[in-house]
Amino acid sequence: MTRGRFITIEGGEGAGKSTQLRHLAAGLQARRIDCLLTREPGGTEGAEAIRELIVQGPVERWRPLAEVYLFLAAREDHLHRAILPALTRGQWVLSDRFADSTRVYQGIAGGLGLDLVDGLQAPLLGDHRPDLTLVLDLPVAVGMARCAERGALARFEAKGQAYHERVRDGFNLLATLEPDRFAVIDAAHDEMAVAAAIARTVETRLASP
């Protein structure tokens, strides 16, 4: 059986990752490509339990290094119980966030540095990297306004403008460092225009079965 493809969607808060993931899945499934939609932190029972610890509570609940260890515990369970089995079955895995979020949120924006975070993640990830990472990019003010429209800000959303500017810069830096894996999508356009741009990118970057 042919191994499935692994696509991740990254970006700052309010960029529309979950919505665009559903559009992408619908387009692939219309072409009879079986997909697993998942998210981080989360995707398995154990990882979802850890998610509650990470995303809830006051901003100062965890320091960046503690966040890394929590994300890694969730990611190990998610990778081995959900992602890898699905890829082995030939499914395409579409994940709302993966390891690059930890590199950006804790490594770059959180001040730990890419070298430290990459070193901590290396034993877990091994060769299991996404085939394609889509970064939904838009101005921080736009993303935070979208978050505010949804109601009370979650823990990471409430970290402040300067932090989220570093997040945006961090994802663009990673895209510059790894252009073969990353594709930056302008997420400031309307929902369906962004979906169309993503579909074109996937078609160009990944050969369909």
Trainee: Salt bridge or not for R22 and E191, using N-O below 4.0 Å?
Mentor: no
Trainee: Please answer whether the main-chain N or O of G43 pairs with a side-chain N or O of E48 as donor and acceptor at a distance below 3.5 Å.
Mentor: yes
Trainee: Just how far is it from atom CD of Q106 to atom OG of S101, taken to the nearest 0.5 Å?
Mentor: 8.5 Å
Trainee: Would you say the side chain of T201 lies within less than 4.5 Å of the side chain of L206, judging by non-hydrogen atoms?
Mentor: no
Trainee: Look at the side-chain heavy atoms of Ile, Leu, Val, Met, Phe, Trp and Tyr, link any pair under 4.5 Å apart, and say whether L70 and L125 land in one connected group.
Mentor: no
Trainee: Any heavy-atom pair between the side chains of V142 and R146 that's under 4.5 Å?
Mentor: yes
Trainee: Is it true that the side chains of R51 and Q56 contain a donor and an acceptor less than 3.5 Å apart?
Mentor: no
Trainee: Please determine whether residues L120 and F98 belong to a single hydrophobic cluster, defined as Ile, Leu, Val, Met, Phe, Trp and Tyr linked transitively by side-chain heavy-atom distances below 4.5 Å.
Mentor: yes
Trainee: Grab the two heavy atoms, one from A183 and one from L132, that are nearest each other, plus how far apart they are.
Mentor: CB-CD1, 4.4 Å
Trainee: When R103 is tested against each of L174, V68, L173, L112 for side-chain contact (heavy atoms from CB on, under 4.5 Å), which residue passes?
Mentor: L174
Trainee: Between R129 and F6, is NZ or CZ placed under 6.0 angstrom from the six-membered ring centre and within 45° of the ring axis?
Mentor: no
Trainee: To the nearest 0.5 Å, what is the distance between CG (L28) and CD (E203)?
Mentor: 9.5 Å
Trainee: Near R63 CZ, under 6.0 Å, is it more than 12 heavy atoms from other residues, nucleotides or ligands?
Mentor: no
Trainee: Is a side-chain N or O of R205 found less than 3.5 angstrom from the main chain of F182, in a donor-acceptor match?
Mentor: yes
Trainee: Is it the case that the side chains of R97 and T102 hold a donor-acceptor pair, with the cut-off being a distance below 3.5 Å and no angle test?
Mentor: no
Trainee: If you count every heavy atom of other residues, nucleotides or ligands that lies below 6.0 Å from D190 atom CG, does the total exceed 12?
Mentor: yes
Trainee: Side chains of E13 and H164: is there a donor and an acceptor less than 3.5 Å apart?
Mentor: no
Trainee: When you measure from the side chain of W62 to the backbone N and O of L53, does any donor-acceptor pair fall under 3.5 Å?
Mentor: yes
Trainee: To the nearest 0.5 Å, tell me how far T2 OG1 sits from R89 CZ.
Mentor: 15.0 Å
Trainee: Would E157 and R150 satisfy salt bridge (charged side-chain N to carboxylate O under 4.0 Å, His left out), going step by step from the backbone distance to the final call?
Mentor: CA-CA 11 Å; E157 294 171 351; R150 298 197 297 249; 2.8 Å; yes
Trainee: Checking T44 against R81: is there a side-chain donor and acceptor pair closer than 3.5 Å?
Mentor: no
Trainee: For V117 and G107, which heavy atoms make the closest approach, and how far apart are they?
Mentor: CG2-CA, 3.6 Å
Trainee: With the side chain counted from C-beta on, respond yes when P139 and R168 share a heavy-atom pair under 4.5 Å apart, and no when they do not.
Mentor: yes
Trainee: Between L136 and Q20, is any pair of side-chain heavy atoms under 4.5 Å apart?
Mentor: yes
Trainee: Just wondering, are more than 12 heavy atoms of other shown residues or ligands nearer than 6.0 Å to CD in Q161?
Mentor: yes
Trainee: Does this structure show an ion pair linking E60 with R155, if we count only N-O contacts that are shorter than 4.0 Å?
Mentor: no
Trainee: Should L79 and Y69 be regarded as members of a common hydrophobic cluster, given that ILVMFWY residues are connected when their side-chain heavy atoms come within less than 4.5 Å of each other, either directly or indirectly?
Mentor: yes
Trainee: Can you tell me if Y163 uses its side chain to pair, donor with acceptor, with the backbone of Y105 under 3.5 Å?
Mentor: yes
Trainee: Quick one: are V135 and I185 in side-chain contact, heavy atoms under 4.5 Å?
Mentor: no
Trainee: A25 and L37: which non-hydrogen atoms are nearest, and at how many Å?
Mentor: CB-CD1, 3.2 Å
Trainee: Identify whether the distance between the nearest side-chain nitrogen and carboxylate oxygen of E40 and R75 falls below 4.0 Å.
Mentor: yes
Trainee: Are any of the side-chain nitrogens in E178 or R181 under 4.0 Å away from the carboxylate oxygens of its partner?
Mentor: yes
Trainee: Would you call R3 and D131 a salt bridge, taking side-chain N to carboxylate O under 4.0 Å as the test?
Mentor: yes
Trainee: Of all heavy-atom pairs between A74 and P41, which one has the smallest distance, and what is that distance?
Mentor: CB-CB, 4.3 Å
Trainee: Between L72 and I54, is there shared hydrophobic-cluster membership here, with clusters defined by ILVMFWY side-chain heavy atoms closer than 4.5 Å?
Mentor: no
Trainee: Which pair of heavy atoms, one from E10 and one from T133, lies closest together, and at what distance?
Mentor: CG-CG2, 3.7 Å
Trainee: Any side-chain to backbone donor/acceptor pair from Q91 onto D34? Under 3.5 Å, distance only.
Mentor: no
Trainee: Hydrophobic clustering (ILVMFWY, side-chain heavy atoms < 4.5 Å, transitive) - are L21 and L87 grouped together?
Mentor: no
Trainee: Quick one: sort the F156 and F71 rings into parallel, tilted or perpendicular, breaks at 30° and 60°.
Mentor: tilted
Trainee: Does some side-chain heavy atom of I83 sit less than 4.5 Å from a side-chain heavy atom of V93?
Mentor: yes
Trainee: Measure across A148 and L153 and return the closest heavy-atom pair with its distance rounded to 0.1 Å.
Mentor: N-CD2, 4.0 Å
Trainee: Just one of I108, V140, N172, V104 clears the side-chain contact (heavy atoms from CB on, under 4.5 Å) bar with V167, so which one?
Mentor: V104
Trainee: Hey, what do you get for CD1 (I7) to SG (C35), rounding to the nearest 0.5 Å?
Mentor: 7.5 Å
Trainee: Check whether any side-chain heavy atom of L24 sits under 4.5 Å from a side-chain heavy atom of L94, and report yes or no.
Mentor: yes
Trainee: Give a yes-or-no answer on whether the side chains of S95 and T8 include a donor-acceptor pair shorter than 3.5 Å.
Mentor: no
